[in-house]
Amino acid sequence: MEDCNKKLDSLMDSVILNDEIYELWNTRFSVKGKHHHILADLIGCQYGKELDKISMGETNGYQIAEPWNGDLLNADILFLSSNPGFTPEEKFPRYHGGKGENIKFSFYEKNSSQNKWLSIREVRDFFKNRFNETPYTNSGIPSINIIKDGEEQKKPRGVKFWKIIAKITEDFFRCKLEDKIQDIKSYKIEIFKHIVSMEIVPFKSKSDNILSNAVLNYCWKKYSREIFRESNAPVVFLIGKKAQETFCHCELNYKYDEAISLLKEGKILHYENKKIVALPHLSLRKPESFFLPSKFFENEVVSELKSVINKPELI
């Protein structure tokens with residue numbers, strides 16, 4: 001187990017201690033070659049029209065990459081999407097400069113009275129324990145904490161993506177909140193024990209429109225592929241067209257058309273020890289029931305997916 005934890009730490013560090021990205025941030029997104037150009041465009045998307053005005057001294061710290069959320073080794077279901085959404089006010093680890101042992105992370109802006117530097121262990125734990133420690137609204141929506149004017153707000157902000165993947169998992173295991181006797185937060189944490197989420201591109205942006213094929217392919221091969229392969233989840237949901245096409249192009253290029261066709265038809269794509277299916281992007285203006293496995297897939301598909309999870313229903 002100690003060796004596994006060391007490997008997980010190393011995987012995570014390859015993303016969150018990334019000199020390529022921090023070098024760009026420290027030099028106002030200067031471009032030094034093709035890959036730097038790819039990443040500079042992506043980073044710039046976080047800040048939109050303010051890009052030309054940005055330097056390390058003018059920002060509240062850059063939100064770092066998001067390697068994954070949840071228990072990568074033990075979760076049963078992996079949700080793979082294109083890239084994380086960017087909420088500027090989110091309480092999220094931020095980079096404040098430095099390298100190696102002197103690198104600085106914090107949840108707050110540099111001059112905030114609330115500020116304290118985070119250790120690399122605290123940053124890793126933030127992602128590993130994300131679903132255990134996330135706040136929930138009174139109605140049970142997984143949320144993020146918001147920082148405004150240097151103060152953490154009392155009311156968290158719900159995250160639609162997390163809400164829907166929780167619903168998908170509930171539907172998959174055929175469990176309902178009203179059947180539970182524990183409080184809503186404990187119930188949701190139990191649901192999220194079965195979930196790990198990750199992205200093709202680990203860097204946040206306001207929109208996925210910036211995600212060219214070059215960005216998607218580069219980030220998958222450079223960062224996300226090894227993380228994906230380390231996951232023991234036997235069931236994978238590919239969320240959205242970009243995640244589906246990138247995965248099939250990079251992993252199954254020799255039979256790309258066949259793989260894409262299977263996914264579009266709502267069938268299972270068998271890849272190594274995983275069973276993979278596809279869902280539309282969860283940002284579509286569709287009712288939540290549209291994305292539920294029991295509604296979206298044939299019964300035979302759901303049954304085959306469940307057959308590889310040696311876990312009892314959540315009762």
Side-chain angles (χ1 to χ4, degrees), residues 6-69 82-112 114-128 130 147 198-208 210-212 214-227:
K6 285 183 178 178
K7 185 167 185 179
L8 286 183
D9 289 347
S10 177
L11 273 178
M12 191 167 279
D13 290 354
S14 71
V15 178
I16 61 179
L17 299 178
N18 187 276
D19 284 345
E20 268 190 305
I21 294 296
Y22 300 141
E23 178 185 340
L24 292 173
W25 278 337
N26 279 328
T27 54
R28 297 172 65 99
F29 313 119
S30 64
V31 175
K32 299 178 181 178
K34 180 180 177 182
H35 292 154
H36 282 80
H37 179 71
I38 289 170
L39 298 176
D41 283 348
L42 181 63
I43 294 169
C45 188
Q46 285 192 7
Y47 299 94
K49 295 180 180 179
E50 299 300 310
L51 177 59
D52 293 336
K53 301 177 183 178
I54 292 172
S55 70
M56 278 305 296
E58 296 168 354
T59 67
N60 292 333
Y62 300 96
Q63 291 189 14
I64 69 173
E66 184 176 288
W68 71 82
N69 294 304
S82 54
N83 83 311
F86 176 64
T87 304
E89 308 87 4
E90 180 181 358
K91 183 179 180 181
F92 192 89
R94 297 168 181 263
Y95 168 68
H96 290 287
K99 283 188 174 183
E101 295 181 359
N102 297 318
I103 198 166
K104 294 185 181 299
F105 299 112
S106 152
F107 287 128
Y108 295 87
E109 61 189 79
K110 284 186 175 181
N111 298 323
S112 171
Q114 303 266 358
N115 198 20
K116 76 177 187 71
W117 300 126
L118 301 171
S119 69
I120 186 59
R121 169 57 59 193
E122 288 174 311
V123 175
R124 293 185 195 125
D125 288 346
F126 175 84
F127 296 108
K128 292 178 182 178
R130 193 86 184 273
I147 296 173
M198 59 174 291
E199 315 283 344
I200 297 284
V201 177
F203 308 105
K204 290 169 170 280
S205 64
K206 291 182 178 179
S207 167
D208 68 357
I210 193 69
L211 302 183
S212 66
V215 170
L216 289 157
N217 294 341
Y218 175 74
C219 287
W220 175 258
K221 294 173 183 177
K222 176 77 173 180
Y223 306 107
S224 301
R225 172 186 274 160
E226 191 174 355
I227 294 171

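Source: prediction; values computed, not measured. Heavy atoms only: backbone and side chains are in, while hydrogens, waters and symmetry mates are out.
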Measure across [X] and [Y] and return the closest heavy-atom pair with its distance rounded to 0.1 Å.
| X | Y | value |
| --- | --- | --- |
| Ala65 | Val15 | CB-CG1, 3.4 Å |
| Val201 | Val215 | CG2-CG1, 3.9 Å |
| Trp117 | Glu122 | O-OE1, 4.1 Å |
| Pro202 | Pro84 | O-CG, 3.7 Å |

With side chains defined as the heavy atoms from C-beta onward, is the minimum distance between [X] and [Y] less than 4.5 Å?
| X | Y | value |
| --- | --- | --- |
| Ile16 | Pro67 | yes |
| Leu8 | Trp68 | yes |
| Leu118 | Lys116 | yes |

Legend entry - For Phe127, all residues meeting ring-ring contact (aromatic ring centres under 6.0 Å, His included), sequence neighbours excluded: Phe92
Inset, instruction - Output all residues satisfying ring-ring contact (aromatic ring centres under 6.0 Å, His included) with Tyr223, sequence neighbours left out; order by chain, then residue number. - result: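 Scan of Tyr223 (ring-ring contact (aromatic ring centres under 6.0 Å, His included), adjacent residues dropped) gives Phe203.
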Please round to the nearest 0.5 Å and tell me the distance separating atom [atom1] of [X] and atom [atom2] of [Y].
| X | Y | atom1 | atom2 | answer |
| --- | --- | --- | --- | --- |
| Ser106 | Tyr95 | OG | OH | 13.5 Å |
| Lys222 | Asn217 | NZ | CG | 15.0 Å |
| Leu17 | Phe105 | CG | CZ | 5.0 Å |
| Ile227 | Met12 | CD1 | CE | 7.5 Å |

If the condition is salt bridge (charged side-chain N to carboxylate O under 4.0 Å, His left out), which residues does [X] pass it with, not counting sequence neighbours?
| X | result |
| --- | --- |
| Asp9 | Arg121, Arg124, Lys128 |
| Glu89 | Arg157 |
| Glu66 | Arg130, Lys204 |

Legend entry - By side-chain contact (heavy atoms from CB on, under 4.5 Å) - contacts of Lys91 (at least two apart):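 Counting only residues at least two positions away or on another chain, Lys91 forms a side-chain contact (heavy atoms from CB on, under 4.5 Å) with Phe107, Tyr108, Asn145, Ile147, Glu152.
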Inset, instruction - Would you check, one step at a time, whether the test side-chain contact (heavy atoms from CB on, under 4.5 Å) holds for Ile103 with Tyr22? - result: CA-CA 10 Å; Ile103 198 166; Tyr22 300 141; 3.6 Å; yes
